[in-house]
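Structure record follows, encoded as structure tokens.
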Amino acid sequence: MDKAYNHKIEEKHLYAMWEKNGYFKPKKNPKKKPFTILMPPPNASGKMHTGNVLMIAIEDLLIRWHRMKGDPTLWIPGTDHAGTETQITFEKQLKKQGKSRFQYSREDLYNEIWKFVQDNKGQIEGQMREMGASVDWSRYRFTLDDAVIKTVHTTFDKMVKDDLIYRGNYMVNYCPKCGTTYSDVELKHEERIDPLYYMKYGPFILATVRPETKFGDTAIAVHPTDKRYKKYVGKDIEVEGLNGTFTLKVIADDFVDPKFGTGVVKVTPAHDKNDYEAGLRHNLEVKPVIDLNGKLNEKAGKYAGLSVNDARKKVVLDLEEKGLMEKIDLKYLHTVSLCKAGHAIEPMVLPNWFVKVDAPHKSFKKPAYEAVKKGKIKIFPKWREITYLRWMEEMRDWPISRQNVWGIRIPVWYKVADNLKVRVLFKYNEFNVAGEIGELMQSSKDGAKRIITGDQEKIAGSDGGTKAFTLAEIKQGLQRVFPLVDSSFVVANDSPGDEFIPETDTFDTWFSSGQWPLVTLGYPDADDFKTYYPTSVMETGWEIIRLWVSRMVMFGYYLTDKPPFEYVYLHGMVRAIDGRKMSKSLGNVVNPEDYVEQYGVDALRMGLIAGTANGKDFNFPKDRVIAYKHFGNKIWNMGRFILMMREQSEKEVPSFATVDQKKFTKEDKAVLKELDALIKKVDTELEKFRFADAAEAIYQFMWHTIADKYIEQVKEREDKDIALAVLLHVYMTNLKLLHPFMPFITEAIYQQMPEHGESIMIEPYPTA
RNA sequence: GGGCUCAUAGCUCAGUUGGUUAGAGCGUUGCAUUGACAUUGCAAAGGUCAGAGAUUCGAAUUCUCUUGGGCCCACCA
């Protein structure tokens with residue numbers, strides 16, 4: 001053995017040996033209860049961050065512990081397509097090449113992203129191996145595998161039949177110039193100075209930057225405690241407007257800031273996110289006045305057909321003329337949302353797909369709520385339960401459609417002849433064309449409307465503007481369809497016929513990953529599903545308890561009437577060394593690779609595990625990583641010393657089991673007694689998910705009891721053969737206890753010890 | 001603004017149902033050291049447990065308030 005432990009040499013080949021010998025596959029044993037963990041799938045095209053390392057460290061610890069105890073143990077690895085995130089990363093790449101997603105049809109874009117992910121997913125898989133994750137690679141899943149898509153489609157179909165799916169309106173970020181919607185994370189925010197208009201509204205004066213949306217107002221809101229306006233709350237008021245007088249209800253809601261403007265807000269649920277939310281709370285009518293071309297619609301009366309900007313100017317002039325404008329603050333600073341191309345975003349209410357989470361005929365969420373409330377699923381640490389339960393109580397219907405390409409397409413088709421009013425956006429040569437499908441199929445000479453973006457000059461000179469498109473042309477370049485809320489549809493995986501166009505929305509990632517326990521185990525009839533469902537522990541970061549954990553529980557009960565797992569263990573977030581959240585812009589990101597290189601995987605894993613005891617967030621514990629690196633070296637040298645002493649021993653060292661117990665000294669008896677106590681402690685701590693305490697106990701015992709005391713005493717002993725037999729036994733027992741925490745070094749030492757077996761991984765776990 | 005959470009040694013953190021002298025790692029100081037390990041050993045210093053009040057025979061631990069952090073969510077017409 002070398003004088004110092006060299007992780008760079010020892011960590012390399014051991015993983016390949018384990019994998020080759022098939023240790024990661026479960027050993028069936030009908031008499032024992034299986035222990036199963038499904039790995040929360042990291043982003044397939046990403047690379048490993050410290051949170052992933054902590055996740056793997058904890059899961060591998062539990063898995064190796066149970067495996068050594070002889071339980072049929074299964075850990076399934078996977079990766080996630082990470083819908084929005086991946087699409088944005090990919091689009092950034094396109095941008096570097098001077099391209100954009102609008103140059104691709106939906107299908108081509110999907111295929112390009114697929115290639116991109118395939119090119120990149122090797123990295124994270126390699127890193128899982130590097131971390132020592134003892135996962136069963138033969139059961140590996142990617143969230144866009146055919147089997148996953150099939151299950152998700154089947155579930156959707158069942159939910160449609162069970163009347164748990166409906167189409168409803170939902171507020172999205174829509175760009176009228178691009179003709180498409182954007183996700184929140186795609187938006188840019190820009191500070192601007194705009195006029196703030198104080199207009200007269202019946203008995204009130206209220207401030208707004210968007211007077212043109214007043215035609216969509218369906219209420220006026222004040223703060224509940226605002227004494228100035230208390231007498232109006234709940235009443236209907238008459239308002240003189242530009243298109244005659246109308247009536248609005250006055251509501252009281254906390255979202256109003258009594259200190260802003262006059263403390264009175266006009267509520268336009270169709271065109272403002274805040275107002276939309278307020279509208280849901282107060283059952284207000286959603287009255288859209290802006291259409292998908294960014295123009296005011298017929299509800300705006302004489303302003304119909306004007307663009308938003310033109311309408312604003314005209315409305316302001318007319319208000320002033322009518323004496324309805326109190327004053328204008330020209331220097332109002334606020335933030336506006338812009339699309340990637342820099343156009344103003346119009347918050348719009350568009351039809352989306354929803355899950356009814358608490359329908360009277362069948363509640364999707366209720367069993368999931370009760371499972372935790374009644375303790376059928378146990379959450380560690382327990383105080384996180386509140387987050388889950390509160391979320392479940394407040395949960396509203398779940399919008400499951402996303403206007404992304406990269407994801408699982410919602411398996412729905414629209415018959416064109418029955419849905420001529422449906423808008424589509426598609427690529428035709430170098431142009432992007434948008435319009436209602438019925439009109440696009442006629443020539444624009446007949447008055448059909450459309451938006452064509454691209455080279456305007458070229459369009460004017462060509463016949464592109466007058467063309468009547470065929471359905472095949474539209475479908476070939478199809479980028480997006482905008483079905484109406486009541487469009488008729490059929491559910492089918494494949495096209496039901498040429499006269500249909502597909503839904504282009506994809507599922508919310510959580511709709512598919514919420515079925516992770518089902519798709520990884522081959523629901524409904526695979527052997528794995530029968531054997532390993534429900535699984536044992538769901539181990540993940542607490543920040544996705546609402547997004548992910550809750551969905552898995554809901555789907556689990558909906559499809560199988562059982563919880564998908566018994567325990568949920570939520571680890572804390574790893575913050576940067578400076579105590580702030582890791583972020584690229586702060587430059588404080590801890591790259592696990594650097595620590596693996598310098599201190600080794602074992603030290604990194606152990607440092608992270610010891611750095612958090614109770615699931616709270618914690619700063620990256622650099623000095624613990626270093627401490628455990630030193631610890632590795634310490635136990636390496638203990639092994640070295642034992643081997644050396646055995647070689648030098650005059651008498652043959654007997655095996656521990658054959659030593660006559662009467663020959664034990666009081667030191668021997670004491671250390672053996674302490675060893676028993678340690679074994680018990682490690683077991684009870686691990687059962688309680690107190691990993692740091694178990695780690696600390698082993699560390700203290702090996703270093704300060706065996707090395708500092710017992711070994712020193714051995715040096716003086718007359719009966720060295722007995723002492724060495726005891727020492728080897730105690731040391732080997734500790735290596736086994738430590739293996740789930742520090743798999744590489746314990747295996748490396750084990751392989752050098754006398755009378756060793758094939759691998760420490762398959763040694764029986766110590767019992768007291 | 002809503003929710004959760006934290007404040008314990010110079011630093012980073014444990015302290016699980018309230019119960020002897022409040023612990024660890026790193027750091028600091030002194031001494032030691034050729035039968036493994038300087039990535040070592042022995043020893044020491046260092047805490048009125050953020051502040052105030054309450055409950056209790058007893059509070060770092062329970063409750064209330066104050067002060068100051070962190071994170072998540074929602075974001076201002």
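In what follows, chains are A, B, ... by sequence order, proteins preceding strands, each numbered from 1. Scope of the values below: all heavy atoms of this structure, side chains included, with no hydrogens, waters or symmetry mates.
Using a 4.0 Å heavy-atom cutoff across all strands shown, A/A207 reaches at least one base atom of the nucleic acid. When heavy atoms are screened at a 4.0 angstrom cut-off, A/Q700 is found touching the sugar-phosphate backbone but no base atom. Heavy atoms of A/T208 sit under 4.0 angstrom from primed sugar atoms or phosphate atoms, though from no base atom. Using a 4.0 Å heavy-atom distance criterion, A/H704 is classed as a sugar-phosphate-only contact. Residue contacts shown for A/M645 include a base, since a base heavy atom lies under 4.0 Å away. In this structure, A/V209 reaches the sugar-phosphate backbone alone: every heavy-atom distance under 4.0 Å involves primed, P, OP1 or OP2 atoms, never a base. Among the atoms of the strands shown, base atoms are found under 4.0 Å from some heavy atom of A/K688. In this structure, A/D275 reaches neither bases nor backbone, as no heavy-atom distance under 4.0 Å exists between it and the strands shown. As judged by a 4.0 angstrom heavy-atom cut-off over every strand, A/I711 is placed among the base-contacting residues.
Look at the C1' atom in both B/U62 and B/G47: the space between them is 23 Å, to the nearest Å. Between B/A59 and B/G51, the two C1' atoms lie 16 Å apart (nearest whole Å). A gap of 35 Å separates the C1' atoms of B/U29 and B/G19, to the nearest Å. Comparing the same atom, P, in B/G27 and in B/A22 gives a spacing of 25 Å after rounding to whole Å. When the C1' atom is used for both B/G18 and B/C63, the distance is 13 Å, rounded to whole Å. Nucleotides B/A60 and B/A9 are separated by 14 Å at their P atoms, to the nearest Å. Separating the P atom of B/C4 from that of B/G10 is a span of 32 Å, rounded to the nearest Å. Taking atom P in both B/C6 and B/A14, the straight-line distance is 10 Å, to the nearest Å.
Between the side chains of A/D683 and A/W65, at least one donor N or O lies within less than 3.5 Å of an accepting N or O. A donor and an acceptor atom, one from each side chain of A/D217 and A/Y201, are located under 3.5 Å apart. Side chains of A/Y369 and A/E393: a donor-acceptor N/O pair is present below 3.5 angstrom, by distance only. Residues A/H630 and A/N633 have side chains that never bring a donor and an acceptor to within less than 3.5 angstrom of each other. Residues A/R312 and A/N309 bring no donor and acceptor atom of their side chains to less than 3.5 Å of each other.
Among the nucleotides B/C71, B/U40, B/A24, the one closest to any side-chain atom of A/W542 is B/C71. Set against B/G25, B/G35, B/C4, the side chain of A/Q648 has B/G35 as its closest nucleotide. Of the candidates B/A36, B/U40, B/G3, the closest approach to any side-chain atom of A/W703 belongs to B/U40. Closest to the side chain of A/W383, out of B/A36, B/U5, B/G35, is B/U5.
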Give RNA chain B the dot-bracket treatment, 5' to 3': Watson-Crick (N1-N3 with N6-O4 or O6-N4) or G-U (N1-O2, O6-N3) under 3.5 Å, [ ] crossing, | other strand. (((((((..((((.....[...)))).(((((.......))))).....(((((..]....))))))))))))....
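The aromatic rings of A/F380 and A/Y567 lie tilted to each other, with the angle between the two planes from 30° to 60°.
Remark: A/R551 qualifies as a cation-pi partner of A/W398 under the 6.0 Å distance and 45° angle criteria applied to the six-membered ring. No cation-pi contact links A/K634 to A/Y5, judged by a cut-off of 6.0 Å to the six-membered ring centre and 45° from its axis. A/Y198 carries A/K327 over the face of its six-membered ring, with the cationic atom under 6.0 Å from the centre and within 45° of the normal.
If you look at A/F204 and A/Y232, their ring centroids are closer than 6.0 Å.
Rounded to an integer number of Å, the gap from NE2 of A/H630 to P of B/A24 is 18 Å. Distance, A/K629 NZ to B/C37 P: 16 Å, rounded to whole Å. Rounded to whole angstrom, the span from the CD1 atom of A/I749 across to the C1' atom of B/C37 amounts to 12 Å. Atom P of nucleotide B/C6 and atom CE of A/M573 are separated by 15 Å, given to the nearest angstrom. In this structure, A/I544 atom CD1 and B/C4 atom C1' are separated by 17 Å, rounded to whole Å. Protein atom OH of A/Y710 is 18 Å distant from nucleotide atom P of B/A36, rounded to whole Å. The interatomic distance linking A/K634 (NZ) with B/A36 (C1') rounds to 8 Å, in whole Å. Atom CD in A/E647 sits about 12 Å away from atom C1' in B/A36, given to the nearest Å.
Separating the OH atom in A/Y628 from the CG atom in A/D602 is a distance of 12.5 Å, to the nearest 0.5 Å. Distance check: A/I722 CD1 to A/R717 CZ gives 8.0 Å after rounding to the nearest 0.5 Å.
The stretch residues 713-724 of chain A touches RNA chain B through A/K715, A/K720, each having a heavy atom under 4.0 angstrom from the strand.
In summary, A/R210 and A/E212 engage in a salt bridge, as defined by a charged side-chain N under 4.0 Å from a carboxylate O. Salt-bridge annotation for A/E385 and A/K382: present, with a side-chain N of the basic residue lying under 4.0 Å from a carboxylate O of the acidic one.
The phosphate of B/C37 has OP1 or OP2 within less than 4.0 Å of a side-chain N or O from A/K3.
Each of A/R646, A/K651, A/M645 was scored for a side-chain contact (heavy atoms from CB on, under 4.5 Å) with A/K720, with one residue passing: A/M645.
Looking at which nucleotide of RNA chain B each of A/N637 and A/E696 is closest to, the 5′-most match is held by A/E696. Along RNA chain B, the nucleotide nearest A/R640 and the nucleotide nearest A/I386 are compared for position; the residue whose nucleotide lies closer to the 5' end is A/I386.
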Below 3.5 Å is the cut-off: list the nitrogen or oxygen pairs between protein and nucleotides 12-15 of chain B, distance only.
unit_1 : atom_1 : unit_2 : atom_2 : d
B/U12  : O3'    : A/N619 : ND2    : 3.2
B/C13  : OP1    : A/N619 : OD1    : 3.4
B/C13  : OP1    : A/N619 : ND2    : 3.4
B/A14  : OP1    : A/K616 : NZ     : 3.2
B/A14  : OP2    : A/K616 : NZ     : 3.2
B/G15  : OP1    : A/R690 : NH1    : 3.4
B/G15  : OP1    : A/R690 : NH2    : 2.8

